[in-house]
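Numbers restart at 1 for each chain; the letters A, B, ... are given by sequence-line order, proteins then strands. Keep in mind that the numbers below use all heavy atoms, side chains included, and drop hydrogens, waters and symmetry copies.
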2 protein chains.
Amino acid sequence: MRTIGETAELLGISAHTLRYYEKERIVVPLRDAGGDRRYNESHIGWLKFVIKLKETQMPIASIQKYASLVAEGDHTSQARLELLAEHKRSIRAQLETLQAADEMLERKIQSYQTFIHS
Amino acid sequence: MRTIGETAELLGISAHTLRYYEKERIVVPLRDAGGDRRYNESHIGWLKFVIKLKETQMPIASIQKYASLVAEGDHTSQARLELLAEHKRSIRAQLETLQAADEMLERKIQSYQTFIHS
DNA sequence: ACTTGACTTAGAGTAAGCTCTAATCAATAT
DNA sequence: ATATTGATTAGAGCTTACTCTAAGTCAAGT
């Protein structure tokens, strides 16, 4: 069971952000006797997943939606599956955009090098 | 030579955004006799490039930097090359992140399907 | 002459996602 | 005993990248 500071450190995000995620009902940690937040392994695993979704441009609103489905229970698994499948398609689209840009930059960089050495 | 409206339409962005880009010195169009903005083929080409950079998460500040180097002239080509090379590395990093997330989601989706059909 | 539509400006407002402040409390270190 | 450290809260503030508003000009069509 980790404090907010330890959890922030471990995940490379700020304690501010963790409180914000709680306010947005994305991760609701436990509380110790003194009222301080405590994150267990399941919170940490879920946060790592959230961070992966964020890294791939999933908006906070969609992450909230997914989190609320998880909170609702097993009967929402079909809806969750659809949400993830939709996001996977968005990742595929991003991959294509990035690949095209990568090739474009490669050509542009080549032509700059030709120009500089001429 | 296109008006702001035609240019916006052609590129799929708003006229507001084009004025914003001008304020930020990213694209400075010509003006006609009446003072209205006019975009020529070179502006359009540059805007398409800017849009590609934006799509790959290059911040406006870096695009501004690149634009100012272009405006400065040929002697900045080394600096521009470095900026583009740096951005290309960022694209590669994004590609890796997305690929890892894609695989993770694939596994997660598989396990949801297994769960749903059990 | 009037209307319509596209344009102009400076500057205000918006949404997302944090990020920080102020005031306070509780446990530990000196 | 006091000081430091790390936590708490509600709510304000910040950054990025637009997006919109208000008030107006101007040319073309009816």
Requested in this report: Check every strand shown and say whether R31(A) touches a base, only sugar-phosphate, or nothing at a heavy-atom separation below 4.0 Å.
Outcome: sugar-phosphate
Requested in this report: Using only heavy-atom distances, determine whether the side chains of T114(A) and S111(A) contain a donor-acceptor pair under 3.5 Å.
Outcome: no
Requested in this report: In whole angstrom, give the distance that lies between atom CD of Q64(A) and atom C1' of dG17(C).
Outcome: 11 Å
Query raised in the report: Rounded to the Å, how far apart are I60(A) CD1 and dT19(C) P?
Result: 11 Å
Requested in this report: Side chain of T3(A) only, please: which of dA7(D), dT19(C), dT8(C) is the nearest?
Outcome: dA7(D)
Report summary line: Residue pair K23(A)/G34(A) against DNA chain C: nearer the 5' end by closest nucleotide is K23(A)
Report task. Measure the distance from OH on Y20(B) to P on dT9(C) and round it to the nearest whole Å. Result -> 17 Å
Query raised in the report: Under 4.0 angstrom, heavy atoms only, what part of the nucleic acid is R37(B) near: base, sugar-phosphate, or nothing?
Result: sugar-phosphate
Query raised in the report: What integer distance in Å separates E24(B):CD from dC18(D):P?
Result: 10 Å
**Report entry** Cationic tip of K108(A) above F49(B) ring, under 6.0 Å, 45° of axis
**Finding:** yes
**Report entry** Salt-bridge present (R31(B), D36(B); N to O < 4.0 Å)
**Finding:** no
**Report entry** Closest to the P59(A) side chain, choosing from dC7(C), dA7(D), dG17(C)
**Finding:** dG17(C)
Report task. Look at all strands and tell whether S14(B) reaches a base, only sugar-phosphate, or nothing, counting heavy atoms closer than 4.0 Å. Result -> nothing
Query - Salt-bridge contact R19(B)-E22(B) (side-chain N to carboxylate O under 4.0 Å) - result: no
Query raised in the report: What is the distance from CG of D36(A) to C1' of dT28(C), rounded to the nearest Å?
Result: 14 Å
Query raised in the report: Choosing from dT19(C), dG17(C), dC18(D), which nucleotide comes nearest the side chain of T17(A)?
Result: dT19(C)
Requested in this report: Round to a whole Å and report the spacing from CG of L18(B) to C1' of dC7(C).
Outcome: 13 Å
Report summary line: Checking dT8(D), dG17(C), dC18(C) against the side chain of Y21(A) (C-beta onward), the nearest is dC18(C)
Requested in this report: Mind calculating the distance between CD1 (I4(B)) and P (dC7(C)) to the nearest angstrom?
Outcome: 7 Å
Query raised in the report: When the distance from NE2 of H16(B) to P of dT9(C) is rounded to whole Å, what number comes out?
Result: 13 Å
**Report entry** Under 3.5 Å side-chain donor-acceptor pair for Y112(B) and R80(A)
**Finding:** yes
